[in-house]
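Following: one structure in structure tokens, then a few remarks.
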Amino acid sequence: MDKKIVILVIIPIIGFIGFGWITGLSDEKVNSDEIVFHITLAEPGLYTNGVYTDKFLIESGTYFFRFVPNGSSPEILSIKLIGQNFEMSENFKLIGIPHQSETAKYFTWEYDGNEKIVIDSSEEISVHIDPNGNVNGSVSVDLIKIEA
């Protein structure tokens, strides 16, 4: 009887492992998007002279910005990326999108601007994020590589 219980437990486990192997499921995300830069700007101490700056290495490819804003986020978020062979500048504008439920009106927030960039070669990039005076408003900024 104990052998039957062990076999009934082992067969589904082997089946699940086999299914994962056949379909490519695993702990590794083979075709997932990759975050190459992330910052949550939520306090004035992160800025020098009102601008956040950092450097990071980037590979060739297509990327897009993802933001997590809220109602207190900077109205205009100016972002510059500067490298030896690449430069971009964009002023992202915060837009409140009204929604109506049965009991209340509420807003969601997003930044409007050109979120997609293409990098032709691997290089070091300098990022400059200017909240245009609103160093107290919080926002998260990600630069994400789109896998081909």
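Note that the structure is predicted; figures quoted are calculated from it, not measured.
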OG on S126 to CD on Q84, rounded to 0.5 Å: 13.5 Å

Side chain to side chain contact (heavy atoms under 4.5 Å, CB included) between S78 and K80, intermediate numbers included: CA-CA 7 Å; S78 302; K80 290 182 185 178; over 6 Å; no

Please determine whether side chain to side chain contact (heavy atoms under 4.5 Å, CB included) holds for the pair F65 and K116, giving the CA-CA distance in whole Å, both sets of side-chain angles, and the decisive distance to 0.1 Å. CA-CA 7 Å; F65 285 102; K116 183 178 172 183; over 6 Å; no

Can you check whether I97 reaches F107 side chain to side chain, under 4.5 Å on heavy atoms? no

Under the side-chain hydrogen bond (donor to acceptor under 3.5 Å, both in side chains) definition, can you give me all pairs with a residue in residues 96-114, not counting sequence neighbours? H99-T108

Are the side chain of T53 and the backbone of H128 linked by a donor-acceptor contact shorter than 3.5 Å? no

Indicate if L41 and F56 have the same hydrophobic cluster label, given that clusters are the connected sets of ILVMFWY residues with side-chain heavy-atom separations under 4.5 angstrom. yes

If you measure from the Lys or Arg side-chain nitrogens to the Asp or Glu carboxylate oxygens, is any gap between K93 and E75 under 4.0 Å? no

Of the options V139, N136, I129, V135, which is the one that meets P74 in a side chain to side chain contact (heavy atoms under 4.5 Å, CB included)? V139

Measuring from atom CD1 of I39 to atom CG of D54, what distance do you get when rounded to the nearest 0.5 angstrom? 7.0 Å

D120 and F86: side chain to side chain contact (heavy atoms under 4.5 Å, CB included), yes or no, with the steps? CA-CA 8 Å; D120 292 328; F86 178 80; over 6 Å; no

For the residue pair I58 and L143, establish whether any side-chain heavy-atom pair is separated by less than 4.5 Å. yes

Return yes if some donor-acceptor pair links the side-chain N/O of E90 with the main-chain N/O of I79 below 3.5 Å, else return no. no

About how many Å separate OG of S89 and CG of L81, when rounded to the nearest 0.5 Å? 9.0 Å

Quick one: CE on M88 to CD1 on I125, what's the gap to the nearest 0.5 Å? 10.0 Å

Looking only at heavy atoms, what is the nearest atom pair of N132 and I76, with distance? ND2-O, 2.9 Å

Minimum heavy-atom distance P131-G50, with the two atoms named: CD-O, 3.2 Å

S72 backbone acceptor or donor facing N70 side chain under 3.5 Å: yes

State, without any angle test, whether Y47 and N49 hold a side-chain donor-acceptor pair at a distance under 3.5 Å. no

To the nearest 0.5 Å, how far apart are NZ in K145 and CZ in F64? 13.0 Å

Test side chain to side chain contact (heavy atoms under 4.5 Å, CB included), reference N85, set S121, S60, S122, output is S121

Does the side chain to side chain contact (heavy atoms under 4.5 Å, CB included) test come out yes or no for F67 and L94, once each step is laid out? CA-CA 10 Å; F67 302 98; L94 186 64; over 6 Å; no

Taking the ring of Y63 and the ring of F37, is the distance between their centroids below 6.0 Å? no

Answer whether the closest heavy-atom distance between the side chains of I119 and T62 falls below 4.5 Å. no

Min side-chain heavy-atom separation V36-L57 under 4.5 Å: no

